[in-house]
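By convention in this document, chain letters (A, B, ...) are assigned in the order of the sequence lines, proteins followed by strands, and residues within each chain are numbered from 1.
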Amino acid sequence: MATGTGYALDFERPLIELEKKIDELKALSTSGSVDFSSEISKLEKKAKKLQTEIFSDLSRWQVVQLARHSARPFFLDYVQHLFTDYFELSGDRRFGEDTSLIGGFARFDGKPVMVLGHQKGRTTKENMSRNFGMPRPEGYRKALRLMELAERFEKPIFTFVDTMGAYPGIGAEERGQAEAIAVNLEVMSRLKVPIISTVLGEGGSGGALAIGVGNRVLMMQNSIYSVISPEGCASILFRDASKASKAADALKLTAKDLLEMKVIDEVIQEPAGGAHRDPPKAAEALGKALRKHLGQLSGMSPDELVRDRYNKFRAFGVFSGR
Amino acid sequence: MAWFSKKPRIAVVPEPATEPPQPSRMQGLWAKCETCDEIIYRQELEKNWMVCPHCEHHHAWPARARLGALLDADSFEEFDKELEPQDPLGFSDSKKYKDRLKSSRKNLGENDAFISGVGRIDGHQVSVGCFVFEFMGGSMGSVVGEKVARVFERAHELKCPALVFSASGGARMQEGIFSLMQMAKTSAAIARFRTGNKPYVSVLLNPTTGGVAASFSWLGDVILAEPKALIGFAGPRVIEQTIRQKLPEGFQRSEFLLEHGMLDAIVHRKDMRAKLAQLLGLVG
């Protein structure tokens with residue numbers, strides 16, 4: 001039940017310490033002559049209760065932290081669990097290759113599809129090479145190229161969102177970060193194949209939406225999707241970045257919030273304690289949802305798919321008057 | 001490297017308006033130029049499209065004055081004026097979003113940050129829209145997004161060109177995820193408009209950033225900008241905080257973007273009407 005990296009969030013810690021104790025007792029039981037089985041089962045019950053207590057009522061800020069958990073399964077972890085035959089395609093054919101937004105052909109239930117997503121790193125070194133999952137224009141232009149390929153070959157597209165946002169840097173601005181995102185939004189709205197977008201962890205503003213214009217938009221239970229990061233919102237509106245948890249509440253950015261506001265189609269339940277506690281189980285739940293939605297969409301004609309997606313996004317907005 | 005000290009914050013929403021016209025300087029009989037500090041007789045400044053006669057600095061130009069000056073006399077018919085913003089999140093920071101809306105509405109006499117309708121330029125019919133930057137930094141919430149989408153739908157229906165003047169800090173964070181979705185909505189409307197053969201001319205004003213830059217504003221068939229306008233995705237302060245370097249002189253200004261191939265032309269305010277008329281004559 002270890003989290004893999006040893007990294008634990010504050011509110012996870014009591015649970016993880018208890019689990020460590022259980023593991024120690026188990027080790028003693030098997031190696032020695034003393035029988036701890038009654039203590040172990042007592043502690044296991046306690047751990048289960050504690051887990052329910054902690055995770056049944058997470059604050060929005062706690063969900064933000066889970067969404068960013070470094071042990072959380074990332075795009076490539078899900079690819080490994082859910083797809084076969086993954087063939088990664090590189091480069092935007094304009095300027096360069098961006099490893100923070102990657103994708104390629106793969107098989108889902110044996111059938112060829114296109115998959116693409118933001119890729120974060122788990123270690124600092126990995127994160128440096130993945131640019132912390134923050135794409136530059138090349139990433140978005142490669143994503144566009146891949147999606148247009150999928151359309152040509154009539155393959156459904158799965159996109160997976162997990163980014164703090166598009167990278168704010170000098171080169172990115174020089175090469176048209178805003179333009180690259182804008183073009184993706186326009187082109188995605190008219191692609192003639194099914195698109196299913198899933199927010200895996202962080203859905204950070206325009207940099208997330210740029211691969212998020214799907215016929216279906218799904219979110220993992222402990223993921224977030226927001227117009228601005230809670231820290232950014234706090235420093236602008238509350239003039240204090242430390243009020244991020246307050247900003248998270250104001251922004252209503254959790255999967256549950258977005259489902260209630262009818263902005264997304266489904267929340268995918270994660271295993272108890274979050275996806276990082278049992279990645280295969282999280283992947284299984286995601287796979288089930290993807291299968292269901294793809295099944296619903298595959299009966300639609302190309303024109304119907306475009307109309308369906310257009311109508312979905314055209315309808316967003318809350319205002320009065322006609 | 002700066003990676004370890006502080007996470008960059010990514011914003012498609014406005015930073016606190018970086019350079020709004022300073023009321024104290026721009027009100028009254030006399031105005032002081034924001035760039036060269038020359039004192040200008042206010043009427044003269046207004047007659048000069050709010051461009052400083054000494055240094056050519058383009059001051060903020062209210063949307064209705066702009067539309068009045070650029071469109072053929074009395075040709076503008078406003079649409080969707082009655083659309084009003086709501087408060088879908090019940091958002092509140094130091095001030096309630098509802099109160100912010102109320103005070104902007106009272107001060108400016110506009111329901112939200114965008115004015116749109118149909119007009120003519122040198123006889124050419126256009127479906128036109130213009131941001132009201134003074135209304136919450138020209139930020140885009142549901143009403144702005146809806147009005148922008150309708151500009152393209154109207155142009156498509158009337159089979160006429162679309163023309164949008166953008167001046168916005170980006171998405172309106174007080175409407176949260178609904179603001180973000182306006183980026184997709186407006187861009188989708190453009191995709192549909194483009195099934196026809198009429199052009200969309202996008203004019204970028206100071207400033208055009210964030211979610212507005214990263215959606216319909218940068219999707220023009222032809223993209224023009226006023227001189228020295230700040231245009232980009234991330235605000236300069238966010239970039240500076242991320243890369244921990246001073247930004248080069250002129251970074252993200254119109255001239256910089258033209259040089260990097262991101263714009264078609266920079267057009268001085270005094271030439272704007274003639275240039276638009278020329279363009280509409282060629283491809284309208």
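Of the possible polar contacts, none joining the B/S187 side chain to the A/L185 backbone as a donor-acceptor pair under 3.5 Å is found. Although no hydrogens or angles enter the test, the distance criterion places no donor-acceptor pair under 3.5 Å between the side chain of A/E179 and the main chain of B/A214.
The distance from the CG atom of A/L251 to the CE atom of B/M173 is 8.0 Å, given to the nearest 0.5 Å. B/K95 contributes atom NZ, which lies 12.0 Å from atom CG of A/L237 (distance to the nearest 0.5 angstrom). For the atom pair B/R192 CZ and A/S189 OG, the distance stands at 9.0 Å (nearest 0.5 Å). Note: B/F91 CZ to A/C233 SG = 4.0 Å, rounded to the nearest 0.5 Å. For the atom pair B/K147 NZ and A/F319 CZ, the distance stands at 11.0 Å (nearest 0.5 Å). Here the straight-line distance linking atom CZ of B/F233 with atom CD1 of A/I181 works out to 4.0 Å at 0.5 Å rounding.
For B/S215, the parts lying under 4.5 angstrom from a heavy atom of chain A are both the backbone and the side chain. Interface residue A/L209: only side-chain heavy atoms are found under 4.5 Å from chain B. Only the side chain of B/F256 comes within contact range of chain A, judged by heavy atoms closer than 4.5 Å. Using a 4.5 Å cut-off between heavy atoms, B/E240 makes no contact with chain A at all. With a threshold of 4.5 angstrom between heavy atoms, A/R175 approaches chain B through N, CA, C or O but not through any side-chain atom. Proximity to chain A involves both the backbone and the side chain of B/E82, based on heavy atoms less than 4.5 angstrom apart. Within the 4.5 angstrom heavy-atom criterion, only side-chain atoms of A/V263, from C-beta onward, approach chain B. The part of A/V213 that comes within reach of chain B is its side chain, from C-beta onward, which places non-hydrogen atoms under 4.5 angstrom from that chain.
The shortest side-chain heavy-atom distance between A/S226 and B/L180 does not fall under the 4.5 Å cut-off. Residues A/F313 and B/Q182 have side chains not in contact (no heavy-atom distance under 4.5 Å, counting atoms from C-beta outward). A 4.5 Å side-chain heavy-atom check between B/L89 and A/M261 finds at least one atom pair inside the cut-off. Contact of the A/E186 side chain with the B/F216 side chain is not registered, since no non-hydrogen atoms from C-beta on lie closer than 4.5 Å. Within the 4.5 Å cutoff, the side chain of B/Q252 has heavy atoms near those of the A/E173 side chain. Using a 4.5 Å heavy-atom cutoff, the side chains of B/S179 and A/F316 are not in contact.
The greatest number of non-hydrogen atom pairs below 4.5 Å with chain B, out of A/G169, A/G321, A/A182, is found for A/A182. When the candidates B/E259, B/K81, B/Q86 are compared by the number of heavy-atom contacts under 4.5 Å with chain A, B/Q86 comes out ahead.
The side chain to side chain donor-acceptor pair (under 3.5 Å) test applied to A/K312 returns A/D265, not counting sequence neighbours.
Between A/K252 and B/E175, none of the side-chain N atoms (NZ, or NE/NH1/NH2) sits under 4.0 Å from a carboxylate O, so this pair counts as no salt bridge. Between A/R314 and B/E153, at least one side-chain nitrogen of the basic residue sits less than 4.0 Å from a carboxylate oxygen of the acidic one, meeting the salt-bridge criterion.
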List the steps, then state whether side chain to side chain contact (heavy atoms under 4.5 Å, CB included) holds for B/I177 with A/L258.
CA-CA 8 Å; B/I177 195 72; A/L258 268 71; 3.7 Å; yes
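Of all residues spanning residues 217-227 of chain B, those with a heavy atom less than 4.5 Å away from chain A's heavy atoms are B/W218, B/L219, arranged by number.
Scanning all heavy atoms of the two residues, the minimum distance from B/I243 to A/P168 falls at CG2-O, 4.2 Å.
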